[in-house]
Amino acid sequence: MARLKMGCMTLVACGAPGPLDSLEPGERGRVVRVVDGDTIVLDTGQSVRLVGIEAPSGGYRDHAPQPYPTESKRMMEDIVLGRDVQLHYGGLTRDRYDRALWPMPRLLTRLGRRSGLTPRW
């Protein structure tokens, strides 16, 4: 059993580069608030836009509400609220609202797509 564990650790350590290897590390923080299904706030006060999904919005300005914005927000709360995260950047680091742009982790994308709360683009 010990050999198997050591072999697995070696395989992981020497494997092909992962998806985060090409990204620059950014801020660390604990998720203290979920604004909606694609925006969170860290304990540092930094607002973070999760890049790679477009969660349904509850409507704003002259845009009609989309279906299931509350469910999308609740799902994101279940997944990330209270967790420590490490942001990584693959290009732009901020949007026009000064939100950090965090390329959407694959796990969250898969979970959202399975539930039908995030569309495929």
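Quick note: numbers below take in every heavy atom, side chains included, and nothing from hydrogens, waters or symmetry partners. Not measured: the values here are computed from a predicted model.
- Atom CH2 of Trp102 is separated from atom NE2 of His88 by 9.0 Å, given to the nearest 0.5 angstrom.
- The shortest side-chain heavy-atom distance between Asp98 and Ser47 does not fall under the 4.5 Å cut-off.
- Here CZ of Arg94 is found 11.5 Å from CZ of Arg99. Values are rounded to the nearest 0.5 Å.
- Contact annotation: the side chain of Met76 approaches that of Leu50 to within less than 4.5 Å [non-hydrogen atoms, C-beta and beyond].
- The nearest pair of heavy atoms linking Asp43 to Gly29 is OD1-CA, 3.5 Å.
- Heavy atoms only, all atoms of each residue included: Gly26 and Tyr89 are closest at CA-CE1, 3.6 Å.
- For the atom pair OG1 (Thr93) and CD (Glu27), the distance works out to 8.0 Å, reported to the nearest 0.5 Å.
- Applying the 4.5 Å side-chain rule to ILVMFWY residues, one finds Val32, Val41 in the same cluster as Val35.
- Shown here are the side-chain contact (heavy atoms from CB on, under 4.5 Å) partners of Arg28, two or more places apart in sequence or in another chain: Gln86.
- The minimum heavy-atom distance linking Val34 with Lys73 is given by the pair O-CE, 3.0 Å.
- Nearest heavy-atom pair, Ala55 versus Ser72, reported as atom, atom and distance to 0.1 Å: CB-OG, 3.4 Å.
- Contacts of Asp84 classified as side-chain contact (heavy atoms from CB on, under 4.5 Å), with partners at least two apart in sequence or in another chain: Arg30.
- Between Val80 and Val85, the closest side-chain pair of non-hydrogen atoms is not below 4.5 Å.
- To the nearest 0.5 Å, the span separating CG on Asp38 from CG on Asp36 amounts to 4.5 Å.
- Atom CZ in Arg33 sits 12.0 Å away from atom CG in Leu42 (nearest 0.5 Å).
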